[in-house]
Structures are given as structure tokens and as C-alpha cells.
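One structure is given here, and the rest of the page talks about it.
Just so it is clear: chains get the letters A, B, ... in the order the sequence lines come, proteins before strands, and each one is counted from 1.
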Number of protein chains: 2
Amino acid sequence: MTSDSAAPSKAPAIARAAAILRLLGRSEAPLGVNAIARELDLVPSTCLYLLRALAEEELVGFDPATKRYTLAAGVLTLARGWLKRDRFADLAQPLLDRVATEHGLTMLGVQVVGLQHMIVVAKALGTGNFQLNAEVGSRFPALISATGRCVAAFGGHDPEVLRRRFSGLRWEAPPTFDHWRDEVARTRQTGYAVDEGNYIAGVTVVAAPVFRSPGQLSHALAAVGLGSAVRRGGLEQLAGAVAGAARSLSERLSGA
Amino acid sequence: MTSDSAAPSKAPAIARAAAILRLLGRSEAPLGVNAIARELDLVPSTCLYLLRALAEEELVGFDPATKRYTLAAGVLTLARGWLKRDRFADLAQPLLDRVATEHGLTMLGVQVVGLQHMIVVAKALGTGNFQLNAEVGSRFPALISATGRCVAAFGGHDPEVLRRRFSGLRWEAPPTFDHWRDEVARTRQTGYAVDEGNYIAGVTVVAAPVFRSPGQLSHALAAVGLGSAVRRGGLEQLAGAVAGAARSLSERLSGA
DNA sequence: CCTTGACGTTGTACATATAGAATATTATTC
DNA sequence: GAATAATATTCTATATGTACAACGTCAAGG
């Protein structure tokens, strides 16, 4: 479904519009039609029509004076709609806070969306002098780092698809596929995953899966910290805390 | 809902997709293809293709078991991109907080997007026992209430267009167009607008315009409270505070 | 267990959104 | 201030996304 396969979308305007919105979201400054079209390999006229339609929907803003486009507040309305119904963030926050303070590390709650990305939906910063940070809304490749090993272990995906996607990942210190597969297998047994500097050098990530219903992976919890700090605090202990919190969350999510 | 303008969009898929996203955002429960299509007057097949495209972009989630669709966390990514670059909310928050506590009312910062809607982008709750509330991300018709009078007064819109749009508004106690036009004219002179129970019975709203550059209306500040409470605190004083905060914001926005 | 109804999904003809070139508009340089 | 370059926008033919109907599938009710 979310494959990289050839299946051509029956509504390509959507993909283009989403690309425009993301580009505007990541851009520091307002952009003109041609700049957007060039960046996204779109035809300027098509790009213009899409921008006008998006502006009509109040998802992008248009400054007639400078003829530049930006994101508009309409995206806030959508985000609010999502937040209103999301129970995960509410349930996860106290658990994230507790683990973050007890272990002095930054904790993230991420949502898994298909095999493409995971998105940070909740966070709790640690207490140390120096803390890693990631904004709510940030996207990461679904199979990267420790959370990615959880997705691979519990997502119920075709091993062949995993192999293909694995080859497209960008790590700072890439593991070999065989080594990664072994770690994924271990994750399936222990219920948590560890990434020691593979994704980002010097950064250790410990993650555990959260299921919205038995067998249905939907989120993951992740502790991120500098490798030295994690080792000092005891990696095993941390892994136990993260996995415990994730289990507790899974129960509450599938429960009521 | 979109526009009365005759020009047919060159990318109607966008409008439909946006409508789907908003519908899902406002829906309490996940929805199926047909339910969405029926609600939005779409052909089911088209609706299906749009949903698939949106799912591919991680803007909607799909539960293969129930075949139901929901908003997905991708909308958070867009909202984050918007928040990152928005200076208004950061600059407005302390001013909103101050006026809210000094006058014991709820203060809203809204962004004006064309003539269609304004969107709440910042808020500060008052201190009283009972407070009115509006969520960040909520949308209101652009010309409604006191903020609407500001838009009409300072938006630089064609009077004829204003008249047409005015007739489409829904007030609890609608003013006549002539009366409304007079109030708008007064707003243009005084720099603030008041709505005493027109939009919502018993609720008084005082608003003042914020300009991103001289003459370019972009936002508005609004104080909302129960009519009795506002009168007790002194409407003139409140209006002065709101207008003062708005002026100060305009200077800082156009300044740096 | 069979029937019924509603839903999700897939093929196909047609209307139309898109690509590309041409034109208008703005910014920049001399 | 004129000339130039880059940009935004309009125009038009055609590839293509959309609407409609037919199909397959599932759940409820008899």
C-alpha cells in the first residue's frame, strides 16, 4: 500500500500539494512559484494552480506585494483536529515525564505511519545540563535507529520489503543488514531495541513498541541520550523502564 | 464553503482533499469511504482515490481491519513548520497574558486569511471563575463579531464584496447591514471594534487590528467575556488596552 | 444457512487538469 | 531611464484524473 512500487497514484495533485506544504514548512523564508516548482520538479503553471487552490483552502498564504507563498494558519486547524482525538499523547505524557526525570534523558513518543516515516507526537526533556531535543512533528524514516528496529520486529512487514527499505536508510555508522536483522530478531524476543551510535554518532537510543491492539503496532517510546550518559545510568535499567512504560501504554490503549 | 467566486479551481482535488481533512478533523470517530463521500457530496471512487493519496502522504491514517480513515500525525509536521516561522504568536503571547490578567478576560490572537476565515493562533485565559474558551486552530467567518468589523474596516476590501459576504453571516442577534456599516466606519476612526451580543448572545467581544506592515492587515487581537463582566470592568478601558496592545504589536511586526 | 443490503473496490468513457510555449509583469543592470 | 533578465501568469491541446456503473465482499437479519 505505502510501497515504493510503481502503482501510479490516481490523484497526483495530492502528493504534489503535500510536497508543496512540506517544502513551505521547512523553508525559512517565503517562496515564489518558480522556486517551488524548481525544487519539486513541477511545471510552473501546475505549481501555480496548486498554490492558488491551497491558498483558497487557507493552507498557504500569499503576499500579493511580494508574490511569495508561505504556510498559513489553516494547518493549525488540521493539527487541532488530530490532537483532539489522539489519546496516545495524553496517556504517554506522564510516563514520558517520569522516565525522563528518573533517568535524566529525553523521552520521545512517536507514531508509526506505514513504512515511510515515524512522527514525534510527544516528548519530555531530561534534566541534565545538556539534553538532546527533537520537536513534536519531526519525521524520521520508519526503520531508522532503535525505533526502526521495533517497527521491523513488530510491524508485521514482509522481510523482503524490509530488506529493500533498509538499503535506502542513511545512518552515520550503518550496520550491515545481517547484523541489523539479528538485532531485530533480538528485539522481537526482549521487547526493546537499542541503537548505540548507528543512527547518530555518540547518541544512544533505546526504544520499545506500543500496540493499539494486540499485535497492531501503532507507536513507540524512545529514550535518547549521549552514549556516555546512558551507559553511566545503566542501559539495562533504562531498557527495562522504557519497555515497562510501553507495555503499560499498550494495555491502556487497547483497554479503554 | 470555499468561495462564491465564479472562477472554477484548476485543481479541485485540493479543495476536496482539504474538505476531507477538515471533516476527519472535526469527526469524533473514524469514517469510512462512503460516509465521507456522502457528507461531502463526492463520488465514492474519487473519494477513495483521494483518501489513498492522502494516506500515502501520511496525512490520513487507514485501519485495514475496519476500513476506516482518520487524520494522521502528518498534519503535526505541517503545523510545526508553520509555528516555526510565525512571529506573531511569540510576540503576542505576553501582551495577551497581560491584558487577560489585568482585565480578567480571555484574550485571543487571530490570523486573518483572506475574506473567508480567521483562525485562532494564540490565546490567554482570564482569571475569573468562569471563562470563555476557544481552542487554538478554531476557525471563524472572517467578518463575524468584533474582529470581523476590524477586517471590514481595515482589510481593504471592496464594499460590494463586503455586502455580499455580510449577508451570508450567521449571528445570534444579527445587526442590520446599515448599522453594521456604521459601526465599521466608527471602527476605522477609533481603531477598535465592539460586538455586544450580536455574534453570541450575552458575550461581548472587543477587537483591534494588527498590521504586518503599514496598511496590511494580518491579525487581530480580541478580548471576549460575558457582557456583564465586561461592563463591570469598563468597556472603554478594555478597548484602550486591546487597541494599545494591537498597536504595539503592529510596530514590532513591521519593525524587525 | 441463505438472503439482503450496504460498503469498498475496480474497469471504462468522457470531461478536464496538466504540460509546455507564449505573453505579461516585475526586478535588475547599465 | 532604457534594456535586459527573471519571474508570474495566461492560453491551448492532449494526456489523464474523475464520474458512473458494475463487481466483489462483508455483516446483519430472517
Quiz item: Out of C:dT9, D:dA19, D:dT9, which has the shortest distance to the side chain of B:Val33?
Solution: C:dT9
Quiz item: About how many Å separate NZ of B:Lys123 and OG of B:Ser138, when rounded to the nearest 0.5 Å?
Solution: 8.0 Å
Quiz item: Using a cut-off of 4.0 Å between protein heavy atoms and nucleotide atoms, how would you tag nucleotides 12-17 of chain D 5' to 3' with B, S and -?
Solution: -----S
Self-check item: Nearest-angstrom distance from the residue atom CG of B:Leu51 to P of D:dT18
Solution: 12 Å
Quiz item: Can you tell me how far CD of A:Glu58 sits from CZ of B:Arg139, rounded to the nearest 0.5 angstrom?
Solution: 5.0 Å
Quiz item: Under 3.5 Å, side chain of B:Arg212 to main-chain N/O of B:Ser250, donor-acceptor pair present?
Solution: no
Quiz item: Judged by atom type as modelled, is there a donor-acceptor pair below 3.5 Å linking the side chain of B:Asp195 to the main-chain atoms of B:Tyr199?
Solution: yes
Exercise. Take atom CG of A:Leu48 and atom C1' of C:dA21, then tell me their distance rounded to the nearest Å.
Key: 15 Å
Self-check item: Salt bridge flag under 4.0 Å for residues B:Glu135 and A:Lys84
Solution: no
Quiz prompt | Distance-only side-chain donor-acceptor flag, B:Ser248 / B:Arg252, under 3.5 Å | solution = yes
Exercise. Figure out the CD1/P separation between B:Ile14 and C:dT16, and round it to whole Å.
Key: 17 Å
Quiz item: What integer distance in Å separates A:Arg68:CZ from C:dT26:C1'?
Solution: 11 Å
Exercise. Indicate the ring-plane relationship of A:Phe166 and A:Phe177, choosing parallel, tilted or perpendicular according to the 30° and 60° boundaries.
Key: perpendicular
Self-check item: Passing candidate, side-chain contact (heavy atoms from CB on, under 4.5 Å) with B:Leu221, options B:Thr147, B:Val110, B:Leu108, B:Val210
Solution: B:Val210
Exercise. Verify, without hydrogens or angle tests, whether B:Ser27 (side chain) and B:Leu23 (backbone) share a donor-acceptor contact under 3.5 angstrom.
Key: no
Self-check item: Close residues, residues 35-45 of chain B, relative to DNA chain C [heavy-atom separation under 4.0 Å]
Solution: B:Arg38, B:Ser45
Quiz prompt | Short side-chain N/O contact to C:dG8 OP1/OP2 from B:Arg52, under 4.0 Å | solution = no
Quiz prompt | Position toward the 5' end of DNA chain D (nearest nucleotide), B:Cys47 or A:Asn34 | solution = A:Asn34
Quiz item: So, is B:Lys67 close to the C:dT9 phosphate, meaning a side-chain N or O under 4.0 Å from OP1 or OP2?
Solution: yes
